[in-house]
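Order of the sequence lines fixes the chain letters, A, B, ..., with proteins taken first and strands second; residue numbering starts at 1 for each chain.
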Amino acid sequence: MTNIISIQNIANHVGEEVTIKGWLYAKTGKGKIQFLRLRDGTGITQVVLFKPNLPPEVFQAGKRLSQESSIIVRGLVKENERAPGVPKGYEIEAADLEVVQIAEEYPITPKEHGIEFLLENRHLWIRSRKQWALLRLRATIMQALREWLNGQEFVEMSTPILTPAAGEGTSTLFEVEYFGDTIYLAQTGQLYNEANIYSFGKVYCFGPTFRAEKSKTRRHLTEFWMLEPEMAFCDLDGMMEIEEQMVSFMVQRCLEERAEELKVLERDTTMLEKVLAPFPRISYDDAMDKIKEIQANLTDPAQKKLLDITWGDDFGSPHETELTKLYNQPIFVYGFPTQCKAFYMEPWPNRPEVCKSVDLLAPEGYGEITGGSERISDPDLLLRRIHEENLPEEAFKWYLDLRRYGSVAHSGFGLGVERTVAWVAGVHHARETNPFPRMLGRVYP
RNA sequence: UCCUUGGUAGCUCAAUGGUAGAGCAAUCGGCUGUUAACCGAUCGGUUGUAAGUUCGAGUCUUACCCAAGGAGCCA
């Protein structure tokens with residue numbers, strides 16, 4: 001038995017005889033020579049079957065292989081610049097080939113497919129080159145974010161998914177029957193993290209969150225993963241520093257560790273190389289002026305109308321897109337009107353119509369990837385805001401308690417994983433960045 | 001929820017109201033460097049569902065089903 005290797009490490013084994021276990025991704029043949037493209041989960045490499053060098057039954061076995069057949073190949077690793085693969089430039093000159101299973105006719109061919117068909121076959125689509133690269137990148141992004149936070153003494157906290165009350169608006173909650181009561185799938189772990197900081201200082205939760213929004217756009221999933229750090233003794237400026245450090249670290253880590261995957265995704269990485277803290281900070285008021293200016297210079301009336309906005313409105317996708325086009329870095333937009341944000345956000349000093357909130361917008365038109373704020377720390381003010389928003393005081397009793405026992409300035413934000421991955425990977429739609437996306441009208445497979 | 005577009009072979013798509021077709025995939029054969037190979041052959045259909053108009057409907061009408069794209073809202 002020779003050494004079993006991973007394709008991603010193939011460069012370290014040139015000249016050695018190795019064994020690779022995997023699946024047939026594609027195949028071309030030419031009489032006495034066959035080229036197999038072999039996937040093993042870590043990469044793709046080319047296996048060359050040359051008839052004169054092989055027992056007849058081995059060469060014949062190669063000819064019988066269908067797409068996605070599972071095989072074990074033994075052979076010599078060679079450098080060859082003609083060989084395609086991830087990484088490219090290496091191939092295996094086969095000495096032996098063991099067939100584990102001949103796959104049935106595989107529905108996803110190397111040719112083009114429509115999105116409906118691909119989503120219906122998502123359980124198979126994830127094997128395709130681009131999807132594979134994308135989900136590997138997602139794993140690295142999640143790991144890098146955790147690693148940075150852990151390195152800064154954050155403690156990971158699990159927050160509940162079954163919750164008795166809303167974190168934000170009540171219109172987008174999934175109801176769950178709970179032994180005769182109605183409760184909800186969590187939209188956020190924030191309120192619980194505000195309790196956690198008083199025990200641990202700096203915390204984060206990282207898990208799935210749920211929004212029953214009836215939105216069908218490239219940015220929306222009904223179930224998506226969110227990373228939510230929350231920090232005690234931290235104001236809005238302190239939070240922005242944490243955000244830019246964390247995001248820069250994550251992007252640079254992707255460039256180092258997932259260069260091959262970014263190549264598969266045909267991502268122009270020059271924009272990613274520029275993602276280094278600090279990021280530009282623009283107030284809502286200034287952003288408003290810039291949008292008005294862009295709008296004034298537009299000639300197409302339909303485009304112009306899309307950018308219509310009055311002070312007090314939250315930005316829509318068209319506004320974010322135009323704004324981010326002005327910069328080649330992610331940008332912070334801070335100080336949103338209180339009326340378009342959640343009840344728990346700290347008012348701006350001497351400007352109660354504005355709150356200490358901040359969104360981070362990714363460049364190249366990707367838009368909002370994080371949203372956060374400094375939280376109200378004064379118990380009386382918080383109670384007043386709960387009343388103003390007509391929220392049930394009883395449900396927030398424990399939340400108000402947090403302001404009674406050593407209350408401090410604290411801040412937190414939520415980072416949407418799918419949108420972040422879409423940006424780093426340069427893909428259009430958030431649905432591809434989740435292995436099994438849940439969307440309005442689609443929960444299969 | 002609203003607006004727009006679409007549903008024909010396993011897949012991607014053609015087809016003036018007049019014989020349902022091509023490419024890919026699959027199967028068989030050929031080829032010593034393929035990159036979505038190439039060449040030859042074979043196989044492949046309840047045109048989303050139901051009703052209607054018509055001598056005749058994939059095509060026209062009505063209803064329904066399904067999907068995609070976008071808006072509002074949001075990460």
Side-chain angles (χ1 to χ4, degrees), chain A residues 25-37 44-53 59 63-64 66-68 78 80-86 88-89 91 93 103-121 124 128-129 167-172 187-188 190 208-228 302 305-306 308 313-318 320 340-342 359-362 366-372 413-423 428-431 433-434 439-442 444:
Chain A
Y25 190 61
K27 176 175 84 165
T28 61
K30 225 188 158 184
K32 292 193 173 64
I33 189 165
Q34 295 182 74
F35 302 96
L36 312 182
R37 215 137 312 143
I44 304 176
T45 198
Q46 174 162 278
V47 176
V48 183
L49 301 180
F50 188 44
K51 195 170 184 179
N53 294 352
F59 190 78
K63 290 188 94 166
R64 277 176 35 242
S66 53
Q67 190 185 350
E68 289 302 317
K78 288 185 160 181
N80 189 325
E81 61 178 23
R82 289 173 296 186
V86 184
K88 73 188 287 265
E91 63 183 21
E93 191 178 278
E104 289 181 30
E105 188 178 336
Y106 191 67
I108 300 179
T109 65
K111 288 280 185 176
E112 59 192 333
H113 297 284
I115 189 64
E116 182 184 352
F117 176 78
L118 290 170
L119 287 173
E120 200 68 17
N121 289 283
L124 305 176
S128 297
R129 231 166 78 96
E168 319 210 335
T170 50
S171 60
T172 61
Q187 291 179 316
T188 170
Q190 177 204 319
T209 50
F210 307 86
R211 308 253 165 118
E213 281 157 6
K214 297 199 169 170
S215 338
K216 279 184 68 166
T217 82
R218 66 192 185 92
R219 298 177 177 195
H220 284 86
L221 304 178
T222 54
E223 175 183 318
F224 64 95
W225 278 61
M226 190 152 66
L227 171 69
E228 296 181 273
K305 189 159 187 339
L306 269 179
D308 269 349
D313 292 344
D314 207 348
F315 294 140
S317 306
E320 290 181 358
C340 67
K341 291 290 177 184
D359 286 357
L360 181 63
L361 310 185
Y366 281 91
E368 186 175 356
I369 55 171
T370 81
F413 63 95
L415 175 141
V417 170
E418 283 76 10
R419 287 183 183 180
T420 302
V421 178
W423 161 52
H428 181 70
H429 205 301
R431 67 185 163 209
T433 67
N434 185 294
M439 289 168 290
L440 183 63
R442 181 176 289 284
Y444 177 93

Checklist entry - Distance between the C1' atoms of B/U5 and B/U46, in whole angstroms? => result 26 Å
Checklist entry - A/Thr188 and A/Glu228: side-chain donor and acceptor closer than 3.5 Å? => result yes
Need one value for [X]: base, sugar-phosphate or nothing, where a base atom within 4.0 Å counts as base even if backbone is also close, heavy atoms only.
| X | result |
| --- | --- |
| A/Gly367 | nothing |
| A/Thr370 | sugar-phosphate |
| A/Phe50 | base |
| A/Pro84 | base |

Please check the phosphate of [N] (OP1 and OP2 only) for any side-chain N or O of [X] closer than 4.0 Å.
| X | N | result |
| --- | --- | --- |
| A/His220 | B/G72 | no |
| A/Arg37 | B/A37 | no |
| A/Arg218 | B/A68 | no |
| A/Lys30 | B/U32 | no |

Side-chain donor/acceptor contact of [X] with base of [N] under 3.5 Å:
| X | N | answer |
| --- | --- | --- |
| A/Lys111 | B/A36 | yes |
| A/Arg219 | B/C73 | no |
| A/Gln46 | B/U35 | no |
| A/His113 | B/C11 | no |
| A/Glu91 | B/G33 | yes |

Next on the checklist: Applying the 5.5 Å / 30° rule, does A/Phe224 stack onto the base of B/A75?
Outcome noted: yes
Checklist entry - Of A/Asp359 and A/Leu119, whose closest RNA chain B nucleotide lies nearer the 5' terminus? => result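 It is A/Leu119, whose closest nucleotide lies nearer the 5' terminus.
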Item to check | Most 5' of A/Thr217 and A/Ala26 on RNA chain B, judged by nearest nucleotide | outcome: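 The residue closer to the strand's 5' end, by nearest nucleotide, is A/Ala26.
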Once you apply the 3.5 Å cut-off to both distances, tell me the Watson-Crick or G-U wobble partner of [N], or none.
| N | value |
| --- | --- |
| B/U46 | none |
| B/G40 | B/C28 |
| B/A75 | none |
| B/G17 | none |
| B/A67 | B/U5 |
| B/G52 | B/C60 |

Item to check | A/Leu221 side, atom CG; A/Leu440 side, atom CG - distance, nearest 0.5 Å | outcome: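 It comes to 11.0 Å.
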